[in-house]
Amino acid sequence: MVTVSVFPVRASLTHQLGEFIVKKQDEALQKKTDFKVSVSGGSLINALYESLVADESLSSRVQWSKWKIYFSDERIVPLTDADSNYGAFKKVVLNKLPSTIQTNIYPMDESLVGNNDAESKNKIAAEYEQILPQSLDLVLLGCGPDGHTCSLFPGEKHKYLLEETSKRVAWCHDSPKPPSDRITFTLPVLKDAKALCFVAEGSSKQNIMHEIFDLKNDQLPTVLINKLFDKKTYWFVNKEAFGKVQTKNF
Ligand SMILES: O=C1O[C@H](COP(=O)(O)O)[C@@H](O)[C@H](O)[C@H]1O
């Protein structure tokens with residue numbers, strides 16, 4: 001069973017999400033000198049701002065200088081582009097931290113971004129794989145209205161990403177959601193991580209939450225991840241997103 005927490009209001013979700021992240025940080029720092037975490041793009045980033053920056057009861061407990069921050073997926077665009085997950089995280093979270101705080105952040109190498117050939121895109125993915133540690137302490141994930149997470153999309157056309165067993169970071173091409181070219185963690189990275197945490201909020205996620213939790217449609221990447229890694233998978237959702245879910249059997 002995966003662990004699902006449903007919150008009536010946003011503030012309680014973001015607070016408990018922050019508590020969860022800080023707990024994972026503290027557990028990691030009891031054993032070693034760093035906390036290795038990956039973040040996703042999309043709506044998760046605003047939730048992270050609320051949890052880790054705006055919530056004063058938590059912000060003082062975040063040991064940013066000991067975090068090593070990676071990206072669960074990234075769009076192949078310049079890091080300053082409005083579509084960049086790194087760019088969004090920097091703008092919404094990192095730029096809001098006091099200037100005295102040092103962060104260790106590992107964005108995609110953008111030097112090959114302008115090249116349109118497949119070799120360059122595969123190289124961007126391979127280079128990101130090189131800087132990834134073997135095991136992340138925590139992988140933070142979103143869930144799109146189509147059931148995608150990272151840039152692992154459902155459907156035959158993108159099955160190659162879910163079937164990837166040797167590359168830990170892969171090039172996702174022809175993404176159904178723009179921009180078309182991305183790099184993404186593959187299942188081996190999620191397998192090696194210590195904990196996986198999804199965040200899903202809002203009524204636009206109602207149908208997909210029903211499909212994931214009631215129908216358990218295993219064509220969806222999110223359902224596959226729930227099945228494969230259930231014991232270390234946590235969902236933070238709000239009441240709106242969970243409005244159609246009937247089951248208690250997660
Ligand atoms: O394109 C992406 O979408 C997903 C889901 O985003 P959301 O806004 O629906 O929460 C996100 O997790 C992923 O990192 C991003 O590249």
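Hydrophobic clustering (side-chain heavy atoms under 4.5 Å, transitive across Ile, Leu, Val, Met, Phe, Trp, Tyr) keeps V245 apart from L215.
For residues 239-250, no pair satisfies salt bridge (Lys or Arg N to Asp or Glu O under 4.0 Å), with sequence neighbours left out. Residue pairs satisfying the side chain to side chain donor-acceptor pair (under 3.5 Å) criterion with at least one member in residues 98-113, sequence neighbours excluded, are listed as follows: D109-S111.
Between N217 and E211, the side chains place a donor N or O and an acceptor N or O closer than 3.5 Å (distance only, hydrogens not considered). Under the 3.5 Å distance criterion, with hydrogens and angles disregarded, a donor-acceptor pair is assigned to the side chains of H15 and E19. Between the side chains of D55 and S57, a donor-acceptor pair is found at a separation under 3.5 Å. Between H173 and D181, the side chains place no donor N or O within less than 3.5 Å of an acceptor N or O (distance only, hydrogens not considered). One side chain, K121 or N116, offers a donor N or O that lies under 3.5 Å from an acceptor on the other. Side-chain contact check for R75 and N85: at least one donor-acceptor pair (N or O, by modelled atom type) lies under 3.5 Å. No side-chain donor from either of T165 and E163 sits under 3.5 Å from a side-chain acceptor of the other. In this structure, a donor-acceptor pair under 3.5 Å is absent between the side chains of S84 and D81.
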What verdict does the side chain to side chain donor-acceptor pair (under 3.5 Å) test give for D73 and S151, after you've listed the backbone C-alpha separation in whole Å, the side-chain angles of each residue and the deciding distance to 0.1 Å? CA-CA 6 Å; D73 71 324; S151 287; 2.6 Å; yes
Does E129 form a salt bridge (Lys or Arg N to Asp or Glu O under 4.0 Å) with K123? I'd like the steps, not just the answer. CA-CA 10 Å; E129 177 169 335; K123 200 165 170 211; over 6 Å; no
Step-by-step side chain to side chain donor-acceptor pair (under 3.5 Å) determination, S180 to S175: CA-CA 4 Å; S180 160; S175 159; over 6 Å; no
Evaluate the side-chain contact (heavy atoms from CB on, under 4.5 Å) criterion for residues F153 and L220: first the C-alpha distance (whole Å), next the side-chain angles of each, then the deciding distance (0.1 Å), finally the verdict. CA-CA 8 Å; F153 289 92; L220 297 174; over 6 Å; no
Applying ring-ring contact (aromatic ring centres under 6.0 Å, His included), run through F213 and W235 and close with a yes or a no. CA-CA 11 Å; F213 289 100; W235 282 81; 5.1 Å; yes
Using salt bridge (Lys or Arg N to Asp or Glu O under 4.0 Å), reason through D137 and K24 one step at a time and then give a plain yes or no. CA-CA 7 Å; D137 297 305; K24 292 293 167 202; over 6 Å; no
Salt bridge (Lys or Arg N to Asp or Glu O under 4.0 Å) between E27 and K31: does it pass, once the steps are laid out? CA-CA 7 Å; E27 284 170 7; K31 295 184 202 126; 5.7 Å; no
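Heavy-atom contacts from other residues, nucleotides or ligands closer than 6.0 Å to NZ of K232 number more than 12.
Between E74 and R182 there is no salt bridge, since none of the side-chain N atoms of the basic residue sits less than 4.0 Å from a carboxylate O of the acidic one. Salt bridge K177/D146: absent, no basic N to carboxylate O contact under 4.0 Å. Taking 4.0 Å as the cut-off between side-chain N and carboxylate O, K36 and D34 count as a salt-bridged pair.
Of the listed residues (F20, F198, F242), just one forms a ring-ring contact (aromatic ring centres under 6.0 Å, His included) with F236, and that residue is F20.
For the pair S51 (side chain) and T14 (backbone), a donor-acceptor distance under 3.5 Å is present. A donor-acceptor contact shorter than 3.5 Å links the side chain of T186 to the backbone of R168.
Between L29 and T33, every side-chain heavy-atom pair lies at or beyond the 4.5 Å cut-off. A heavy-atom distance below 4.5 Å is not found between the side chains of F71 and F185. Counting heavy atoms from C-beta outward, V37 and K68 have side chains that stay 4.5 Å or more apart.
In this structure, NZ on K216 lies 14.5 Å from CG on L224, to the nearest 0.5 angstrom.
Residues D218 and V223 come closest through the heavy atom pair CA-CG1, 3.6 Å.
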